[in-house]
There are 2 protein chains.
Amino acid sequence: MPVPVTTKDVARKAGVSQATVSRVLNNHHYVNEETRQKVLKAIKELGYQPNIIARSMALQKTHALGLMVSDLTNPFYSELAKSIINRAKELGYNVIIYNTDTEDVQATYLDFLQQRRVDGIIFTSVELKDSKVEKLVKAGFPCVFCNRRLKLKTSSFICSDNKKGAKIAVKHLINLGHKHIGYISGPNNYSTALERLEGYIETVREHGLHVDNQLIKQGYFNNDYAYSATRELISIPNPPTAIFVSNDLMALAAMEAVLDAGLRVPEDIALVGYDDIKISGHKLIQLTTVAQHMETMGRLAVDELVQMLSRDGGRQKPVHKFLEPELIIRETCGYRLAKK
Amino acid sequence: MPVPVTTKDVARKAGVSQATVSRVLNNHHYVNEETRQKVLKAIKELGYQPNIIARSMALQKTHALGLMVSDLTNPFYSELAKSIINRAKELGYNVIIYNTDTEDVQATYLDFLQQRRVDGIIFTSVELKDSKVEKLVKAGFPCVFCNRRLKLKTSSFICSDNKKGAKIAVKHLINLGHKHIGYISGPNNYSTALERLEGYIETVREHGLHVDNQLIKQGYFNNDYAYSATRELISIPNPPTAIFVSNDLMALAAMEAVLDAGLRVPEDIALVGYDDIKISGHKLIQLTTVAQHMETMGRLAVDELVQMLSRDGGRQKPVHKFLEPELIIRETCGYRLAKK
DNA sequence: ACATTTTATGAAAGCGTATTCAGATATTCA
DNA sequence: TGAATATCTGAATACGCTTTCATAAAATGT
C-alpha cells in the first residue's frame, strides 16, 4: 500500500502550517497567492489526496447517500438506481446501496445507517406503514421516498401518479371493449398497489361496470405470484378478457401463464403492465404499459434529498410530487386488432 | 436531528471512562463483568449507536467496498451487483456503487477512491489495459476484477471461462449443421470480447471451417451496434446462417434486426447469446445462450477482496479463477427443428 | 501619524473512536 | 510474606481534517 500523504506532509514540504494547507484545499479567502501556489505545488509533487473519512469526521457529514432497493435485478429498480447514482455523483455524493429483498434486512440496514454512515436515505420500496422508518423520519433524519411512499404526511416523496396511471390503463382497456378486466398486484400495504387498485376500481365504476372481487388478485410483487394468479383468473367460470398487471415484470409472467394455458395474447386475454421497462418494447414482447419516468424520478429524489441536507436545521414542509404517467400502446391489448 | 450519543455520554452515565466503554464495545478481555453490565445498560438506555466514521478514522479502514459497474441497467450487471452487495453485507461491508457509462467517469471515480473512502474495489468492466487502474494495482491498492480482467498478471480476477463458453456455443451451432457463423461483439480491448473471439476462431478452425473476416463484427457493447451489425451481416452476399452474439442484450437486438429484415429465427438465422439473463428464458424469447453464474462470480469476488484486506501487508500471489460456462439450449438455434 | 480595518498565518481545539501507557488492585507462586 | 503475575481501569494520544482563536503585518481612513 502506498504511504498515505497527509496535509501535514504537504505543510512541511511547502513550509507552511497544516492549517494553511487546509485553507488552500477549501478555497478559503485570506490566503496569499504566493503561499497558495507553494502549497499547490507541494500537493502536486506529493500526489496528495484528501482523506475523505477524516474530512467527514471534521465536518460531521459523510457526503454519502443511502439507497434502499428491494430488488436490483428488477429493471425498473436498476434504471431508477442508475439515475440516482448518476445524479448523486453530479452533486458530489457517493451512494451506498442496500438490497433489501426481505424486510428484516431493511431493519438491520437501518441500524447500520443510524451510525451516521450516510447523510440521508432514499427509499424506493417502503411500505405505507413501517414503524422503524417512521421513527427515522420523525427523528429528523433526512429521508426521501421514491416510487413508493410512506403514509406519514410529514415525509417527502417523489412518486408516479399511480392512481392516474391505473386509470388511463383501465380506461384504454374499456375503450377497446373489455368489460371484464382482471387486476393483479402486490399487497395493499404498498402505496403503488393501493393507489393503482383505487384507480382500477374508480375507472371500472365510472364506466358503469361492476367491480368483481373475483377479478382482483393481490398477493405479492413477484413473478411466481403473477403467474399463478393469472392461471387462476383465466380458469374461473366467467374469466376476464383483459388483465391489468401492476408491473411489467409481472405482466411478462402473466403473459407466459396465458400462453401456457393455450390462450393467445391479446386475442383471448389482453394485458397491460406498468413501468415500461426496456424489454417491454422488444419486438417479440410489445407489451402495452404505463410508462414511469425512472430517470426523472431518481433525479428529483436526489435533488430533494440534497436540498434537505443543505437546509439542515430549518426543516421545510415536506415535498410531495406525483409524476405524470403515460400510456404506451403496443400490441398486448389488441392495438393491431383495433386498428384493423 | 437526534442529538448523537457518543461513548463519552455512555461513559458518564455508567460512571466509567470512555476507554472502558470502548473496551466493552470491542469485547476486550480484562473488563470486569460488573463494569461491562453497567456499560451495556447505559448503552441501551441512551440508545447509543457507534459512529462508523469515527471508527473508520481510528482503525484506518472504512469497511466499505467500491463497486465499478459499466451499466447497471444491463441485467447481467444488476444480477452481478446484487450478488456482490449481498455478500458484502454478510461479511460486514457496505458497497459504494459507481456507474461508469463512460471511461472518463471511471477515471474521476478512481481519484475519489484514492481518498480512502473504500478499503478495496471490485471492477466489473475494466479494459485489458488501463494505466490508471494498473497504477492502482501496482501501488498495492486492493482490487479484484470480476467478469472482465486486466492484462496485468499480478492482479486477481474471477471471470467466466469465456474462451470455453464461446467454444461450446459455436460447437453447438456447427453440430446443428451451420457452416457459416457470424460473430458480433465489442472491441478487443475487453477480455470478454477477446477471449470469446479466440474461442470462436479456434472452434471454427477445429472443425475444418474457414474463418471469414467478413463474418466477424467487433464494434461496441451496445444494442444499437448489435442491431446494425446484424443488419449488415445478413445482407452480405453469402450471409451467415447463424450468429454468435457476445451478450444476451445484444442478442435480443440482433433478433429484432433479423425479424425487421423479414427473416425468421431460427429458420433463417440461428442465434446464440452469452450471459443467460433472466429474460432470455421467457416463453416469447427462448434465447439459446451461454450461462454465466453471476451469483457465484459476485460472491467469489467479494470473498477474494475481503481476504486481501485481512491479509494486509503480506501480499499473496494473485488469484485467477475461471468459472465454468454452461450452454443453455433453447429455441433460437433451431432446437425445436433439431428435435423434429 | 494614529486608529481602524483588512489580510494572512500558525497554534490549538475538536470531531468520536481505539489503543497505548501507566498505575492500581487482586491473585498466584515460591 | 514478599515478589511476581494477572486483572482491571483511567488518562492521554492518535487518526487527518476543519475551524476558531490569537496575533501579526499590511492596507486604509481621517
Side-chain angles (χ1 to χ4, degrees), chain A residues 1-40 42-43 46-64 92 112 114-119 312, chain B residues 1-40 42-43 46-64 92 112 114-119 312:
Chain A
M1 284 289 296
V3 187
V5 180
T6 70
T7 43
K8 215 191 226 169
D9 301 323
V10 175
R12 196 179 315 116
K13 176 124 187 172
V16 299
S17 77
Q18 183 266 337
T20 299
V21 175
S22 177
R23 287 194 187 94
V24 171
L25 288 169
N26 296 284
N27 293 314
H28 260 270
H29 41 284
Y30 295 159
V31 180
N32 186 289
E33 185 53 31
E34 203 179 327
T35 313
R36 147 178 256 95
Q37 290 306 330
K38 268 197 302 186
V39 171
L40 290 176
I43 285 176
L46 293 174
Y48 167 80
Q49 288 281 58
N51 181 322
I52 292 270
I53 298 293
R55 179 174 279 174
S56 296
M57 173 93 132
L59 293 177
Q60 299 288 83
K61 8 194 108 179
T62 64
H63 275 265
F112 258 142
Q114 289 189 296
Q115 305 176 357
R116 269 136 295 166
R117 213 187 203 318
V118 297
D119 295 336
D312 59 348
Chain B
M1 284 290 295
V3 187
V5 180
T6 71
T7 42
K8 217 191 226 170
D9 301 323
V10 174
R12 197 179 315 117
K13 176 126 189 169
V16 299
S17 75
Q18 181 270 332
T20 298
V21 175
S22 178
R23 287 195 188 96
V24 171
L25 288 168
N26 296 284
N27 294 315
H28 259 269
H29 41 283
Y30 293 160
V31 181
N32 186 289
E33 185 55 29
E34 203 179 329
T35 314
R36 147 179 256 95
Q37 289 306 329
K38 270 196 300 184
V39 171
L40 289 176
I43 286 177
L46 294 174
Y48 168 80
Q49 288 281 58
N51 182 321
I52 292 271
I53 298 292
R55 180 174 279 173
S56 297
M57 172 94 130
L59 295 177
Q60 300 288 83
K61 1 195 116 179
T62 64
H63 274 265
F112 260 140
Q114 290 188 295
Q115 305 177 357
R116 269 137 293 168
R117 217 192 198 317
V118 296
D119 294 337
D312 60 349

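Note that the structure is predicted; figures quoted are calculated from it, not measured. All values below were derived from every heavy atom in this structure, side-chain atoms included, with hydrogens, water molecules and symmetry-related copies excluded. Protein chains get the first letters and strands the later ones, always in sequence-line order, with residue 1 at the start of each.
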Whole Å only: how far is the CG atom of A:N51 from the C1' atom of D:dG16? 6 Å

Can you measure B:R117 atom CZ to D:dC15 atom P for me and round it to whole angstrom units? 21 Å

Remember a base hit wins even if backbone is also touched, and classify B:H29 as base, sugar-phosphate or nothing at under 4.0 Å, heavy atoms. nothing

Residues within residues 8-20 of chain B bordering DNA chain C, heavy-atom distance below 4.0 Å: B:Q18, B:A19

Is any side-chain heavy atom of B:H63 closer than 4.5 Å to one of B:I52? no

In whole Å, what is the span from the CG atom of A:N32 to the C1' atom of C:dT7? 9 Å

Any donor-acceptor pair under 3.5 Å from B:N26 side chain to B:R23 backbone: no

Where the side chain of B:N26 is concerned, which of C:dA18, D:dC17, D:dG16 is the nearest nucleotide? C:dA18

Flag the pair B:D9 / B:Y48 as yes when at least one side-chain heavy-atom distance between them is below 4.5 Å, and no otherwise. no

Considering only heavy atoms from C-beta outward, does the side chain of B:V39 approach that of B:L25 to under 4.5 Å? no

The helix from C:dA1-D:dT30 to C:dA30-D:dT1: angle between its terminal axes, five pairs each, to 10°? 40°

Ranking D:dG16, C:dA11, C:dG16 by distance to the side chain of B:T6, first place goes to C:dG16

Given D:dA6, C:dG16, C:dA18, which nucleotide is nearest the side-chain atoms of B:L25? C:dA18

Would you mind reporting whether B:T6 and B:N51 have side-chain heavy atoms less than 4.5 Å apart? no

Indicate, with a heavy-atom threshold strictly under 4.0 Å, whether A:T35 touches base, sugar-phosphate, or nothing. sugar-phosphate

Does A:T62 use its side chain to pair, donor to acceptor, with the backbone of A:D119 at less than 3.5 Å? yes

d(CG, B:L59; P, D:dG16) in whole Å: 13 Å

Spell out, as yes or no, whether a donor-acceptor pair under 3.5 Å connects the side chain of A:R116 to the backbone of B:Q49. yes

Calculate, to the nearest 0.5 Å, the distance between atoms NE2 and CZ belonging to A:H28 and A:R36 respectively. 11.0 Å

A:N27 CG to D:dC17 P, straight-line distance once rounded to whole Å: 16 Å

Would you say A:S56 and A:K61 make side-chain contact, with heavy atoms under 4.5 Å? no

Of all the nucleotides listed (D:dT19, D:dG16, C:dG16), which has the minimum atom distance to the side chain of A:H28? D:dT19

Does atom CD (B:E33) have a neighbourhood of more than 12 heavy atoms from anything else shown, all under 6.0 Å? yes

Kindly say if B:Y30 contacts the phosphate of D:dT7, meaning a side-chain N or O under 4.0 Å from OP1 or OP2. yes

Taking only the side-chain nitrogens and oxygens of A:Y48, find out if one of them lies under 4.0 Å from OP1 or OP2 of D:dC17. yes

Out of C:dT20, C:dT9, D:dC17, minimum distance to the side chain of B:R23 belongs to C:dT20

Below 4.0 Å: OP1/OP2 of C:dT17 and any side-chain N or O of B:S22: no

B:R55 atom CZ is separated from D:dG16 atom P, nearest whole Å, by 18 Å

Across the strands shown, which category fits B:V21 at heavy-atom distances under 4.0 angstrom: base, sugar-phosphate, nothing? nothing

Between atom CD1 in B:I43 and atom P in C:dT17, what is the gap in whole Å? 10 Å

Options C:dG14, C:dA8, D:dC8, nucleotide nearest the side-chain atoms of A:A58: C:dG14

In whole Å, what is the span from the CE atom of B:M57 to the C1' atom of D:dA14? 9 Å

What distance separates B:K38 NZ from B:L40 CG, expressed to the nearest 0.5 Å? 12.0 Å

Taking for B:Q60 and for B:R36 the nucleotide of DNA chain D with the nearest heavy atom, the one nearer the 5' end belongs to B:R36

